[in-house]
Amino acid sequence: MVGMKPTDIAPTAATKFFGAGTAACLADLVTFPLDTAKVRLQIQGESEAVQGAKVVKYRGVFGTITTMVRTEGPRSLYNGLVAGLQRQMSFASVRIGLYDSMKQFYTRGSENAGIVTRLMAGCTTGAMAVAFAQPTDVVKVRFQAQVRVADGGRRYNSTMDAYRTIARDEGVRGLWRGCMPNITRNAIVNCAELVTYDIIKELILKYDLMTDNLPCHFTAAFGAGFCTTVVASPVDVVKTRFMNSGAGQYRSAIHCAVTMLTNEGPSAFYKGFMPSFLRLGSWNIVMFVSYEQIKRGMTRAQQSWESPF
């Protein structure tokens, strides 16, 4: 990331890799209920189309959260948290932690990266992350989407049970359901999130609006969260619907998107926009602020270890 002073020792690739995964897990712990509400809103039209119901069960972000707490208990807001943390440790470590390294790879070691180089780096690490962690994303979405019925029955009993059940009933390919829309989403999200954060932070420091500290990180992260939500929401909705679908419900991600457009109209692609924005905005703030502090803390600890006197 930008903002290093000439006298600063740059954090190592390992520091960024570990720091990104840790910061992302902290952000997930804070924002997971918003993510669960987003998933429920995104699949709501699908449930109505399948069951023929006309009543809208969830209304708005906080209405969805309130309904879930009332009907399923507070723990329902954290359905899929274990898979979510597994996802972040693998996803974020790659897509965020390796971003700077990928920029240097494309610029052949130069620190002067243009917008095209940044976009290429964001797309590359976003796609790489999916290759490592797609099964964790599928399980997370399935857990968030499942509703506890009156007799206490659930689609999956635990995270490991979900992995086993999906692999048994749908084959190993079931764990990679929605891989292509997820690659597309992560490439878009990574570009919007990291490149926007990079550029906003760079401009703030360039024009001396703030110092390279918490207010600067907060502002850049908020802007990155909003831009990412606007750009990525349509792909995110299709990804969620397709991952949550049963075997044979949709032939492909494209078929899922066409079905949504036909049955629910263009607005379906922005279902759950407010929880998406609240979640991405707050997630970006917690993640980037934590990431910057973790990088600095680990780098200082490394300096102290190498030069104790």
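- Rounding to the nearest 0.5 Å gives a distance of 12.0 Å between CG of D35 and CG of N79.
- Within the 4.5 Å cutoff, no side-chain heavy atoms of M102 are placed close to those of M120.
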Tell me, with the steps shown, if D198 and K103 meet side chain to side chain contact (heavy atoms under 4.5 Å, CB included).
CA-CA 12 Å; D198 228 9; K103 278 196 304 183; 2.9 Å; yes
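- The shortest distance between side-chain heavy atoms of Q86 and T159 falls below 4.5 Å.
- Using a 4.0 Å cut-off between charged nitrogen and carboxylate oxygen, D137 and R142 do not count as a salt-bridge pair.
- Salt bridge present: R296 and D212 bring a charged side-chain N and a carboxylate O closer than 4.0 Å.
- Nearest heavy-atom pair across S245 and Y250 is CB-CD1, 3.6 Å.
- Atom OH of Y99 and atom OG1 of T125 lie 8.0 Å apart (nearest 0.5 Å).
- With hydrogens and angles disregarded, a donor-acceptor distance shorter than 3.5 Å links the side chain of T136 to the backbone of A133.
- A cation-pi arrangement, defined by a distance under 6.0 Å to the six-membered ring centre and an angle within 45 degrees of its axis, is present between K295 and Y291.
- Counting only distance, with no hydrogens or angles, the side chain of T36 and the backbone of L77 share a donor-acceptor pair below 3.5 Å.
- More than 12 heavy-atom neighbours from other residues, nucleotides or ligands sit within 6.0 angstrom of CE on M210.
- Of the candidates F277, F288, W283, F222 forms a ring-ring contact (aromatic ring centres under 6.0 Å, His included) with just one, namely F277.
- Summarising the geometry, atom CD belonging to Q88 is positioned 7.0 Å from atom CZ belonging to R95; distances are rounded to the nearest 0.5 Å.
- Other residues, nucleotides and ligands contribute over 12 non-hydrogen atoms within 6.0 Å of the OH atom of Y163.
- Of all the heavy atoms in V61 and A37, the pair that sits closest is O-CB, 4.2 Å.
- Heavy atoms only, all atoms of each residue included: F273 and T229 are closest at CE1-CG2, 3.5 Å.
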Full working for salt bridge (Lys or Arg N to Asp or Glu O under 4.0 Å) between D28 and R279:
CA-CA 9 Å; D28 245 29; R279 192 257 176 181; 2.8 Å; yes
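- Placement of M89 and L98 in two distinct hydrophobic clusters is found when ILVMFWY residues are connected by side-chain heavy-atom separations under 4.5 Å, directly or transitively.
- Among all heavy-atom pairs drawn from D236 and S276, the shortest one is OD2-OG, 4.3 Å.
- Both tests pass for R87 against the ring of F91: distance under 6.0 Å to the centre and angle within 45° of the axis.
- Checking side-chain atoms of R40 against main-chain N and O of Q144 turns up a donor-acceptor pair under 3.5 Å.
- Side-chain atoms of L205 and C216, non-hydrogen and from C-beta on, do get closer than 4.5 Å to each other.
- Residue L203 qualifies as enclosed at atom CG: its count of foreign heavy atoms under 6.0 Å is above 12.
- Counting heavy-atom neighbours within 6.0 Å of F269 CZ, excluding the residue itself, gives a total above 12.
- Under 3.5 Å, the side chains of T228 and E193 contain no donor-acceptor pair of N or O atoms.
- A donor atom on one side chain and an acceptor atom on the other are found under 3.5 Å apart for T165 and D161.
- Of the possible polar contacts, none joining the T117 side chain to the A113 backbone as a donor-acceptor pair under 3.5 Å is found.
- Note that SG of C227 and CD1 of I200 are 5.5 Å apart. Values are rounded to the nearest 0.5 Å.
- Between the S93 side chain and the F17 main chain, a donor and an acceptor come within less than 3.5 Å of each other.
- Taking hydrophobic clusters as Ile, Leu, Val, Met, Phe, Trp and Tyr residues chained together by side-chain heavy-atom distances below 4.5 Å, V235 does not share a cluster with V189.
- Among all heavy-atom pairs drawn from G73 and S76, the shortest one is O-OG, 2.7 Å.
- Hydrophobic clustering, with ILVMFWY side chains joined whenever heavy atoms are under 4.5 angstrom apart, groups M274 together with I65.
- Between Y270 and V237, the closest side-chain pair of non-hydrogen atoms is not below 4.5 Å.
- Distance CD1/I285 to OG1/T31: 11.0 Å, rounded to 0.5 Å.
- F105 and V195 fall within a single hydrophobic cluster, where Ile, Leu, Val, Met, Phe, Trp and Tyr are joined by side-chain heavy atoms under 4.5 Å apart, directly or via other members.
- Nearest heavy-atom pair, V139 versus A162, reported as atom, atom and distance to 0.1 Å: CG1-CB, 3.7 Å.
- Contact annotation: the side chain of M298 never approaches that of P11 to less than 4.5 Å [non-hydrogen atoms, C-beta and beyond].
- A continuous path of ILVMFWY side-chain contacts below 4.5 Å connects V69 to L278, so both sit in one hydrophobic cluster.
- You'll find the side chain of I96 reaches within 4.5 Å of the side chain of M287, heavy atoms only.
- The closest side-chain heavy-atom distance from K38 to L34 is not below 4.5 Å.
- Around the OH atom of Y78, the shell of radius 6.0 Å holds more than 12 heavy atoms that belong to other residues, nucleotides or ligands.
- The main-chain N or O of C256 is never found under 3.5 Å from a side-chain atom of R241 such that the two would form a donor-acceptor pair.
- Between M128 atom CE and I183 atom CD1 the span is 12.0 Å, to the nearest 0.5 Å.
- Here the rule is side-chain hydrogen bond (donor to acceptor under 3.5 Å, both in side chains) with N186, and of N190, N182, T184 only N182 fits it.
- You'll find the side chain of R118 stays beyond 4.5 Å of the side chain of Y106, heavy atoms only.
- Although no hydrogens or angles enter the test, the distance criterion places no donor-acceptor pair under 3.5 Å between the side chain of T22 and the main chain of G19.
- Using modelled atom types, one side-chain atom of Q134 and one backbone atom of R177 make a donor-acceptor pair closer than 3.5 Å.
- A distance-only check finds a donor-acceptor pair linking the side chain of N284 to the backbone of L280 [under 3.5 Å].
- For the residue pair T15 and T12, a side-chain donor N or O sits within less than 3.5 Å of a side-chain acceptor on the partner.
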